[in-house]
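Residue numbers start from 1 in every chain, and the chains themselves are labelled A, B, ... in the order their sequence lines are given, proteins ahead of strands.
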Protein chains: 2
Amino acid sequence: MPTPHYGQPRYRAIADELRERITSGAIPPGALLPSESALTVEFEASRGTVRQAIAVLREEQVVATEHGRGTYANPYRREGASNADAESETRQRRVAADADLAALFTVEVGSLIIEEQRVTRRNGTVRAVVRTYRRHQSDE
Amino acid sequence: MPTPHYGQPRYRAIADELRERITSGAIPPGALLPSESALTVEFEASRGTVRQAIAVLREEQVVATEHGRGTYANPYRREGASNADAESETRQRRVAADADLAALFTVEVGSLIIEEQRVTRRNGTVRAVVRTYRRHQSDE
DNA sequence: AGAAATTTGTCCGTATGTATC
DNA sequence: AGATACATACGGACAAATTTC
């Protein structure tokens with residue numbers, strides 16, 4: 001069978017579905033998620049894909065996993081209740097310097113510099129996008 | 001062949017080795033790591049295991065990976081404790097949204113959004129340029 | 001411009017190790 | 001001890017982004 005993943009990969013779709021069950025309360029805080037093999041059957045995905053989905057949620061601290069036990073939902077609440085849904089994604093890549101950046105960094109236009117982008121969401125909608133530019137290998 | 005991982009799993013051992021090469025300077029900041037297939041040969045491990053090792057370093061932000069390009073070492077610097085001489089200039093203006101920003105903010109490409117730019121200098125040389133993008137106050 | 005090669009991303013199936021119940 | 005559940009590891013296949021020719 002081929003491996004089509006047009007648009008969203010399957011492990012993200014599975015992660016979204018599980019996250020939804022947790023945030024909606026279908027899986028209450030502290031409860032065990034279905035086992036990986038159960039999820040394998042339900043989503044008709046391989047165990048590796050299911051584990052990849054759970055890894056996403058673990059990184060978001062939506063779940064916590066214990067070896068031999070299982071994966072728990074929402075093991076502890078964020079201390080600040082204000083942190084309703086402050087998701088933050090970070091991405092790093094190299095981009096060509098535009099005229100402004102080239103002038104600031106004293107490099108040629110088009111030189112590759114580091115861009116780190118953070119996307120801040122609240123209640124799902126993008127709040128702000130922060131792009132930080134640096135040079136490689138600066139010296140201090 | 002069995003799959004023994006007494007004590008430390010292999011992917012962690014590989015991660016340790018690669019981290020050592022980076023922190024020791026054998027792989028300088030900004031340089032590309034060997035490709036996954038090359039590491040597969042060198043460590044005599046499967047590609048999945050190599051990728052798991054790289055995932056560890058990526059989470060530690062010791063490396064950054066780009067699709068189709070490769071994995072770079074240490075793209076940004078640790079913030080030194082000495083913030084001796086930090087100046088900062090701020091500028092705000094309206095700019096046209098590029099494809100990425102348009103997608104994130106769910107607006108049309110070219111729509112005007114707010115850009116706030118801060119330039120951080122130390123000892124006269126530009127340290128970092130931070131650009132924060134937001135939408136106009138319209139909804140929410 | 002376009003095709004091929006390279007490199008990372010996703011997904012599957014299987015087997016075995018280790019921790020917990 | 002046995003059953004269950006997560007962790008590690010292999011190998012193969014195809015997809016997607018980038019670079020090279």
Taking it one step at a time, do A:V95 and A:Q117 satisfy side chain to side chain contact (heavy atoms under 4.5 Å, CB included)?
-> CA-CA 11 Å; A:V95 298; A:Q117 173 174 297; over 6 Å; no

Residue whose closest nucleotide on DNA chain D lies nearer the 5' end, B:R47 versus B:Q52 =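 Looking at DNA chain D, the more 5' nearest nucleotide goes with B:Q52.
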
Rounded to the nearest 0.5 Å, what separation is found between the CG atom of B:L39 and the CG atom of B:L33?
-> 6.5 Å

Atom pair CG/CD of A:L57 and A:Q52 - distance to nearest 0.5 Å |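 Answer for the CG-CD pair, A:L57 versus A:Q52, is 12.0 Å.
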
Expressed as a whole number of angstroms, how long is the span from [X]:[atom1] to [N]:[atom2]?
| X | N | atom1 | atom2 | answer |
| --- | --- | --- | --- | --- |
| A:F43 | C:dT10 | CZ | P | 18 Å |
| A:L39 | D:dC6 | CG | C1' | 12 Å |
| B:Q8 | C:dT18 | CD | P | 14 Å |
| A:R94 | D:dA17 | CZ | P | 20 Å |
| B:L32 | D:dT20 | CG | P | 10 Å |
| B:R69 | C:dA5 | CZ | C1' | 16 Å |
| B:E36 | D:dA17 | CD | P | 16 Å |
| A:E66 | C:dT20 | CD | C1' | 10 Å |

Between [options], spot the one nearest the side chain of [X], thanks.
| X | options | result |
| --- | --- | --- |
| B:R10 | D:dA5, D:dA7, D:dA9 | D:dA9 |
| A:S46 | D:dA7, C:dT8, C:dC12 | C:dC12 |
| B:T49 | C:dC12, D:dC10, D:dC6 | D:dC10 |
| A:Y11 | D:dA7, C:dC12, C:dT10 | C:dT10 |
| A:R51 | D:dA7, C:dT7, C:dT10 | D:dA7 |
| A:T65 | D:dA7, C:dT8, D:dA5 | D:dA7 |

Do B:E66 and A:R93 sit within salt-bridge range, that is, some charged N less than 4.0 Å from a carboxylate O?
->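 The answer is no: the pair does not qualify as a salt bridge.
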
Salt-bridged, A:E115 to A:R91, with N to O below 4.0 Å?
-> yes

Nearest-nucleotide check on DNA chain C, A:G68 vs A:R12; residue mapping nearer the 5' end is A:R12

Is a donor-acceptor contact shorter than 3.5 angstrom present between the side chain of A:H67 and the base of D:dA7?
->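 Checked by distance alone, the answer is no.
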
Base, sugar-phosphate, or nothing for B:G48, non-hydrogen atoms under 4.0 angstrom?
->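 Nothing: the residue B:G48, judged by heavy atoms under 4.0 Å, touches no strand.
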
